[in-house]
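The block underneath contains the structure these notes are about, expressed in structure tokens.
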Amino acid sequence: MDDKSAGYWSATLGLLTKILIVWFLVSFGAGILFADALNSIHLGGYPLGFWFAHQGSIYIFIALIFFYAKKMGDIDEKFDVHED
Amino acid sequence: MDLQTTTYLVVGASFALYIGIAIWARAGSTSEFYAAGGSVHPVTNGMATAADWMSAASFISMAGLIANMGYGGGLFLMGWTGGYVLLAMLLAPYLRKFGKFTVPQFIADRFYSKSAATVAVVCLLTASTTYIIGQMTGVGVAFSRFLGVSSDTGIYIGQAIVFLYAVFGGMKGITYTQVAQYIVLIAAYLVPAIFISLNLTGNPIPQLGLGSDLSGSDISLLARLDQVVTDLGFGQYTTTTAGSTLNMFVYTMSLMIGTAGLPHVIMRFFTVPSVKDARASAGWALIFIALLYTTAPAVAAMAKYNLHATVNTAVAGKGDLYAEESSLKVEDRPAWMARWEKTGLLKFEDKNGDGRIQYYNDKTKSADAKAKAEAAGWKGNELTVNADIIVLANPEIALLPNWVIALVAAGGLAAALSTAAGLLMAISSAVSHDLVKGVFAPDISEKNELLAGKIAMAVAIVISGYLGLNPPGFAAGTVALAFGIAASSLFPVIMMGIFSKKMNKEGAIAGMLAGLFVTLFYVFAHKGILFIKGTEFVDLIGGPNSFFGITPEAFGAIGALVNFGVAYVVFKMTKAAPDHIQHLVESVRIPRGSKMVDGAH
């Protein structure tokens with residue numbers, strides 16, 4: 001594997017790791033493991049942990065995918081491997 | 001116009017629309033049949049993926065289960081959406097770059113082995129067939145209600161319609177039909193939810209209504225619901241978890257990685273024009289899916305509130321839930337209850353003979369609720385409501401106009417049919433393209449290949465219909481089992497095929513077989529061998545949920561771990577993948593040079 005494609009792949013993996021951390025924190029973290037603790041905070045009529053499990057994590061997932069698509073596009077351009 | 005006529009009209013009109021589109025876009029060549037010629041726009045594709053994705057389980061069953069489970073039901077919401085993040089980042093762009101249109105084809109080439117492809121076909125067929133059983137259960141519920149027949153008859157009718165429908169056109173017909181189905185099903189889901197949210201909270205947006213105060217009071221909907229259900233002996237709505245925190249964790253994980261491993265969803269990403277589009281497509285799909293998924297918890301909580309308010313007048317007021325006059329008199333019960341009693345999915349029995357309906361948890365652990373029920377002379381819960389009817393009955397419970405009820409019936413059928421059709425496409429291509437053409441008869445003509453695919457669809461429909469008569473659980477629970485199977489067998493090998501250059505065929509085959517085997521073993525122990533009632537062997541594994549309290553629906557994540565583990569060990573003991581495969585993986589990782597999906601290979 002040459003330097004360029006090694007650099008591209010490690011940039012890709014770096015981005016994936018960051019996104020997966022957020023993905024894990026909002027769903028398994030806020031929605032499940034820390035839900036009880038967060039429930040003492042309220043968002044309108046929603047207990048916060050319940051909100052993450054039933055609403056919040058879904059909104060964040062959408063944002064994550066578009067953020068990923070955008071950043072990957074930038075990485076493609078930077079390493080000049082984008083589609084013609 | 002009466003309800004029955006309106007329902008026939010609305011459902012009939014929606015069917016005419018789908019069939020019209022299918023005829024208009026009839027598929028010609030094999031590659032059009034499977035992948036619509038690789039020419040579908042990401043937004044269109046996102047909408048079709050959403051229709052494909054949101055099945056009877058999402059539409060008909062999920063909100064009902066959430067209503068029953070409360071907070072714990074969030075595992076469906078997070079699990080069935082969070083998987084798209086994995087799909088978008090870990091699989092879709094790479095499989096699109098790879099440029100073939102079935103999952104077994106990828107596995108055959110990446111693991112340079114027809115045996116690996118055959119094992120993948122077996123995994124795919126097991127997962128897809130289980131999935132269709134869940135759809136059939138849902139179709140049965142929908143047809144039974146709107147034709148006024150038993151749910152068994154509903155399944156027979158559903159089988160016939162699914163068959164005609166799937167054999168009619170290929171993916172291209174299906175892609176545009178599915179856009180139409182998405183519009184029907186999302187309208188059918190949102191319209192009643194908006195009405196109900198407005199009625200209860202004065203806020204027309206269900207996502208906000210769920211977090212609002214009840215109209216004319218200063219208590220929030222969720223807080224009042226918590227009060228009512230705990231007073232009646234049920235678990236608190238906003239905090240009751242699914243079994244245990246561990247079970248909820250692995251259940252959610254199973255659904256997420258199962259989402260990313262389900263072949264009929266992955267196939268969707270072969271039909272977009274470029275790698276860039278494959279990434280964004282998953283995002284668009286999730287937006288369209290989220291419209292329903294963020295509404296579902298509102299539907300769940302509001303339907304539960306309305307159901308309690310219907311049978312107990314003190315729910316909406318401030319009176320005593322246990323006062324005699326609070327319970328609904330049998331002869332005053334609304335027409336919708338009688339209509340659903342006919343299907344056998346709603347049952348009422350006056351156990352204490354007082355001519356009123358008491359709906360509460362008679363197996364409660366709350367001493368307070370138990371004492372109150374005894375003091376009031378209640379002799380057991382008198383109302384059983386099948387979770388799968390909640391969404392379909394929801395507009396009736398809220399006393400909405402007939403056209404809304406008819407629209408929901410059309411939406412439920414659209415959801416079940418679109419997903420069944422997508423799954424049957426995946427089954428048909430796996431059998432005809434990957435198994436018959438790829439392994440047994442490479443010289444088969446295009447015409448016979450299509451024929452083999454259609455025969456495979458027919459067989460799958462008959463089997464799943466038969467098993468759907470005695471389903472292993474509610475529609476959403478059965479579908480969750482299918483996700484567990486996909487999670488434990490297909491997701492790990494596809495991922496290893498992309499993220500490890502050296503993973504070899506021995507590791508892949510052993511991993512798939514091990515993951516599939518342990519998962520099926522655990523599932524069949526609870527649900528019967530091949531889901532046939534009476535063949536359960538749960539005592540053999542030490543009782544139900546004996547593995548750390550994990551339910552069979554949640555076991556897929558454990559199966560996936562076994563898959564990864566076994567694959568790694570076998571890989572370490574055998575030779576790494578040959579050089580040309582390692583180059584193949586390098587080329588799959590970069591977008592440049594992506595081509596149109598090619599039918600002939």
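Nothing here was measured: the structure is a model prediction, and the numbers come from that model. Chain letters run A, B, ... following the sequence lines, proteins first and then strands; every chain starts at 1.
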Closest heavy-atom pair and its distance - [X], [Y]:
X: A/Trp23; Y: B/Met256; answer: CZ2-SD, 3.1 Å
X: A/Ile65; Y: B/Arg279; answer: CG2-O, 3.8 Å
X: A/Gln55; Y: B/Pro297; answer: NE2-CG, 3.4 Å

>> Around atom NZ of A/Lys78, are there more than 12 heavy atoms from other residues, nucleotides or ligands closer than 6.0 Å?
In response: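 Counting other residues, nucleotides and ligands, NZ of A/Lys78 stays at 12 neighbours or fewer.
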Name the atoms and distances for all side-chain donor-acceptor pairs under 3.5 Å in residues 87-95 of chain B, with sequence neighbours left out.
none

>> Check B/Arg592 with A/Asp76, please: is the shortest side-chain N to carboxylate O separation under 4.0 Å?
In response: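 Here A/Asp76 does not pair with B/Arg592 in a salt bridge, since their nearest N and O are not under 4.0 Å apart.
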>> Within the structure provided, determine whether B/Leu75 and A/Ile32 are in side-chain contact (heavy-atom separation under 4.5 Å).
In response: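 Result no, sub-4.5 Å side-chain heavy-atom pair not found.
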What part of [X] is in contact with chain B, defined as an atom under 4.5 angstrom from a non-hydrogen atom: side chain, backbone, both or neither?
X: A/Leu15; value: neither
X: A/Ser27; value: both
X: A/Phe67; value: neither

> When rounded to the nearest 0.5 angstrom, what is the spacing between CD in A/Glu83 and NZ in B/Lys97?
Replying inline: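 So the gap between those two atoms works out to 8.5 Å.
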>> Non-hydrogen contacts under 4.5 angstrom with chain B: give the residues of residues 33-43 of chain A involved, or none if there are none.
In response: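 Counting heavy atoms that sit under 4.5 Å from chain B, the residues of residues 33-43 of chain A involved are A/Leu33, A/Ala35, A/Asn39.
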> Pairs in or reaching into residues 288-301 of chain B: which pass side-chain hydrogen bond (donor to acceptor under 3.5 Å, both in side chains), with residues at least two apart or in two chains?
Replying inline: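 Matches after skipping sequence neighbours: B/Ser58-B/Tyr293, B/Gln207-B/Thr294, B/Gln207-B/Thr295.
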>> Tell me whether the rings of B/Phe249 and A/Phe28 are parallel (<30°), tilted (30 to 60°) or perpendicular (>60°).
In response: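 Aromatic pair B/Phe249/A/Phe28 classed tilted.
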> Between A/Trp9 and B/Phe499, how do the two ring planes meet: parallel, tilted or perpendicular, split at 30° and 60°?
Replying inline: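 Answer is tilted, since the angle falls between 30° and 60°.
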> Which members of residues 213-225 of chain B, sorted by number, sit under 4.5 angstrom from chain A on a heavy-atom basis?
Replying inline: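 Heavy-atom contacts from residues 213-225 of chain B to chain A are B/Ser220, B/Leu222.
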> Given that the side chain runs from C-beta out, which part of B/Ile66 has a heavy atom under 4.5 Å from chain A: side chain, backbone, both or neither?
Replying inline: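 Only the side chain of B/Ile66 comes within 4.5 Å of chain A.
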